[in-house]
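Reminder, nothing fancy here: chain letters follow the sequence lines and each chain counts from 1.
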Protein chains: 2
Amino acid sequence: MVRAGSLSNHGRPQPRRPTMADVAREAGVALRTVSRFVNGDATVGEDFADRIRRAIETLDWQPDERARQLRSGRTRTIGAAVRNISDAHPVLRAVDESARAAGLTVVAMSTEDDEEREREAVVSMCRRRMDGIIIEPIAENHGYLQPEIDSGMPVVAFDRPATGVEVDTVLSDNRGGIALAFEHLVRQGHRRIGYIGDDERIYTGHERAVAFHECLRAHCSAATGMVHPGPIDPARIAAALNRLRSDPEPATAILTGNASTTVAVIRQLGGDFGSIALVGFDDFALADLLRPGLTVVAQGEAEIGRTAIDLFQARAADPSRPVQTVTVPTTLIPRGSGELAP
Amino acid sequence: MVRAGSLSNHGRPQPRRPTMADVAREAGVALRTVSRFVNGDATVGEDFADRIRRAIETLDWQPDERARQLRSGRTRTIGAAVRNISDAHPVLRAVDESARAAGLTVVAMSTEDDEEREREAVVSMCRRRMDGIIIEPIAENHGYLQPEIDSGMPVVAFDRPATGVEVDTVLSDNRGGIALAFEHLVRQGHRRIGYIGDDERIYTGHERAVAFHECLRAHCSAATGMVHPGPIDPARIAAALNRLRSDPEPATAILTGNASTTVAVIRQLGGDFGSIALVGFDDFALADLLRPGLTVVAQGEAEIGRTAIDLFQARAADPSRPVQTVTVPTTLIPRGSGELAP
DNA sequence: GTGAAAGCGCTAACAT
DNA sequence: ATGTTAGCGCTTTCAC
């Protein structure tokens with residue numbers, strides 16, 4: 001039922017939104033004066049300012065960002081192409097907060113770890129003429145970004161490097177993180193440590209697996225390790241886990257290469273979680289609620305996000321500056337699962 | 001170091017991005033013809049189409065969304081003002097997917113549960129002249145939305161109703177959900193059931209607390225209940241929990257009013273989790289990994305998101321249609337914690 | 001089907 | 001300090 005209450009305007013012909021010209025007319029000043037007042041370009045006579053203020057109030061005028069952006073050439077907006085905007089994403093949070101502080105709006109789009117979606121997101125950002133792009137790269141090759149970069153679009157990659165183009169990049173210290181975890185387990189007395197990680201074709205999967213091998217070499221007199229990298233899939237995780245535990249000399253500790261793998265392993269261990277030491281790469285919400293609490297290598301997501309914005313700003317300010325890659329350290333957070341004796 | 005490689009264009013003066021006029025010139029056709037070809041407004045001669053395609057390719061032209069939106073008056077974009085875009089948000093995901101399917105782009109902004117931030121987000125959406133707004137309301141009063149609604153902006157609220165304005169709304173069946181949980185516990189034989197929930201000044205906190213009271217009345221011969229609603233704060237949770245357990249006839253089961261409270265309670269119970277039956281309102285990631293698994297009342301987030309987009313579309317198609325509120329059912333997911341005997 | 005002109009709402013250059 | 005004029009890049013009349 002439609003009522004003709006004062007609360008509702010439904011059904012009435014929609015009044016055209018007021019424009020800056022309407023404000024100027026209402027205030028009895030020139031359009032340009034309104035613009036100057038609104039943008040603070042120059043000081044405006046106090047009486048004029050008052051009339052403009054009142055006119056804006058009366059008409060309930062709001063500037064049209066589209067027109068403003070079109071005319072001025074800048075959007076004060078940067079795009080963030082991330083895996084999934086609907087999942088928890090501490091980096092995105094930091095990007096958003098840092099950008100806000102700099103007076104920039106962040107528009108985030110999901111890539112769903114899909115090359116096609118990533119390109120769609122980037123294209124959409126370019127068509128909106130955003131001032132820059134922050135990307136968590138998924139595509140095999142980012143050559144498609146080259147024309148955009150050449151036409152002056154600042155691009156910053158994080159988490160993984162973008163391949164085929166030279167862009168500013170923020171990465172976690174993947175190798176250092178694995179070393180932290182490995183040495184922690186060695187210190188607890190573990191000598192047979194297994195690794196289950198992500199597909200090695202993925203950058204972080206590769207880095208972490210390589211780092212694990214390096215750790216094995218460095219500690220070779222003490223530790224024997226097993227690596228089972230590959231796609232994250234329950235069956236594969238189960239198989240890897242089985243091999244690690246059914247070995248004549250079974251693993252006494254497991255290192256997992258990312259949060260999804262960690263969760264999959266815990267799920268697989270079921271009631272046996274806590275019977276074998278476990279350290280996961282990546283912290284996640286509620287990891288402390290598990291019994292035992294999950295020991296993890298935490299990435300510096302907040303710093304990664306902040307750095308991404310810093311790099312964007314530096315690039316925007318000086319397009320000719322050399323491309324830079326920043327590595328953000330990781331930290332070990334002991335919560336119990338990594339402190340179990342062999 | 002700046003190198004003059006073919007990969008990099010840094011330092012060169014930025015070539016102006018090509019415009020549609022450039023494409024027209026390159027193709028040797030009128031501007032209007034390019035526009036028609038690009039938008040499929042009308043059929044364009046095949047030879048012309050070819051030349052335009054080639055010209056677009058050559059110049060690597062991409063339409064300027066700002067100009068297009070300014071001129072056409074529509075943005076094909078809707079804003080989503082949600083608590084936090086960086087936390088997991090299943091509703092936002094569904095909103096995004098549904099909108100994509102309808103050819104709309106969703107721009108999500110965080111309100112951080114802050115009135116000021118909510119208004120900032122809404123203002124930003126209006127200034128961008130988005131086609132509609134999906135909002136998870138936090139403000140005490142949403143009267144400030146009225147002018148926008150009057151000027152034809154479709155607004156859809158979800159999770160909580162917007163106060164002071166009449167807008168299409170999607171809500172969870174909060175009362176039904178509490179009843180589901182309560183009756184489940186009664187069926188397990190519990191007769192003393194405690195409730196710890198959110199601040200009653202918050203809509204969902206209120207609804208769920210009221211529903212709990214109704215359940216108590218309906219089962220009064222069987223169950224005695226305790227309610228301890230208030231802000232989510234570890235000390236308060238601890239106190240509430242203490243009272244429930246130190247009663248002469250202590251509670252044998254607890255019902256929590258939302259995910260944050262559930263997590264706070266589990267954290268507080270520590271090793272005692274599993275010694276008392278617990279059902280939480282709201283499902284969350286990893287709830288199944290706890291020992292025992294957490295029994296929850298799950299909201300239909302995907303349906304809420306889809307419905308929000310449906311309501312938006314209906315409103316956009318017919319601004320005079322009556323305002324509608326849709327209630328989405330909840331489901332009980334037993335995982336162990338709610339199936340413990342008294 | 002195609003083309004010329006107007007204009008979306010605003011800011012940037014010049015006047016004054 | 002204020003007003004006038006142009007024009008951002010596109011879509012939309014309206015002629016042909």
Side-chain angles (χ1 to χ4, degrees), chain A residues 14-53 55-56 59-77 124 126-131 151-152, chain B residues 14-53 55-56 59-77 124 126-131 151-152:
Chain A
Q14 283 169 30
R16 187 180 59 81
R17 285 190 105 106
T19 73
M20 189 179 271
D22 296 328
V23 173
R25 203 173 308 116
E26 173 82 19
V29 301
L31 179 69
R32 184 66 186 95
T33 309
V34 178
S35 172
R36 260 196 308 253
F37 170 76
V38 169
N39 296 300
D41 285 359
T43 41
V44 170
E46 195 38 56
D47 48 335
F48 276 17
D50 254 10
R51 276 151 61 192
I52 293 172
R53 249 188 297 269
I56 290 176
L59 299 175
D60 191 48
W61 172 80
Q62 295 209 330
D64 187 324
E65 234 0 91
R66 298 169 300 184
R68 183 189 281 226
Q69 290 177 7
L70 175 59
R71 183 60 243 240
S72 72
R74 272 165 47 265
T75 58
R76 307 282 302 159
T77 299
S124 169
C126 292
R127 290 162 82 119
R128 283 152 195 266
R129 299 294 191 267
M130 292 185 174
D131 291 348
S151 73
Chain B
Q14 281 169 33
R16 190 180 57 78
R17 284 189 106 107
T19 74
M20 190 180 266
D22 295 328
V23 173
R25 202 173 309 116
E26 172 84 20
V29 300
L31 182 72
R32 180 70 186 89
T33 309
V34 178
S35 173
R36 260 200 308 258
F37 169 76
V38 169
N39 296 299
D41 284 0
T43 42
V44 171
E46 194 39 56
D47 47 338
F48 277 15
D50 253 10
R51 274 152 60 191
I52 294 171
R53 250 189 296 269
I56 290 176
L59 300 176
D60 189 50
W61 172 80
Q62 296 210 328
D64 187 323
E65 233 1 90
R66 299 169 300 183
R68 183 191 284 232
Q69 289 178 6
L70 175 59
R71 184 61 243 239
S72 72
R74 272 168 45 267
T75 58
R76 306 281 305 158
T77 298
S124 168
C126 292
R127 291 161 84 118
R128 283 154 195 263
R129 299 294 190 268
M130 293 185 172
D131 291 348
S151 72

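- Taking atom CG on B/Asp22 and atom P on D/dC8, their separation rounds to 11 Å, with Å as the unit.
- Looking at A/Arg127, its side chain never comes within 3.5 Å of a backbone N or O of B/Asp64 through a donor-acceptor pair.
- Look at CD on A/Glu65: it is 15 Å from C1' on D/dC8, rounded to the nearest Å.
- Between the P atom of D/dT2 and the CD atom of A/Glu46 lies a distance of 10 Å, rounded to the nearest Å.
- Here CD of A/Gln62 is found 13.5 Å from OG1 of A/Thr19. Values are rounded to the nearest 0.5 Å.
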Annotated protein contacts, base or backbone, on nucleotides 11-16 of chain D with a non-hydrogen cut-off under 4.0 Å, one of B, S, - each
BBB---
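- Between the side chains of B/Thr33 and B/Arg51, no donor N or O sits under 3.5 Å from an acceptor N or O.
- Remark: the backbone N or O of B/Gln69 is paired with a side-chain donor or acceptor of A/Arg66 at under 3.5 angstrom.
- A salt bridge between B/Arg32 and B/Asp41 is present, with a side-chain N of the basic residue lying under 4.0 Å from a carboxylate O of the acidic one.
- In this structure, A/Glu46 pairs ionically with A/Arg53, as a charged nitrogen and a carboxylate oxygen lie closer than 4.0 Å.
- Contact footprint of chain A on DNA chain C: nucleotides with an atom under 4.0 Å from a non-hydrogen protein atom, first to last in 5' to 3' order, C/dG9 to C/dA13.
- Residue-to-nucleotide proximity on DNA chain D shows that, of B/Gln62 and A/Thr33, the 5′-proximal contact is made by A/Thr33.
- Taking atom CG of residue A/Leu70 and atom P of nucleotide D/dA6, one finds them 18 Å apart after rounding to whole Å.
- With salt bridges taken as basic N to acidic carboxylate O contacts below 4.0 Å, none links B/Arg17 and B/Asp22.
- Once rounded to the nearest 0.5 Å, the distance linking CD of A/Glu65 with OG of B/Ser124 reads 7.0 Å.
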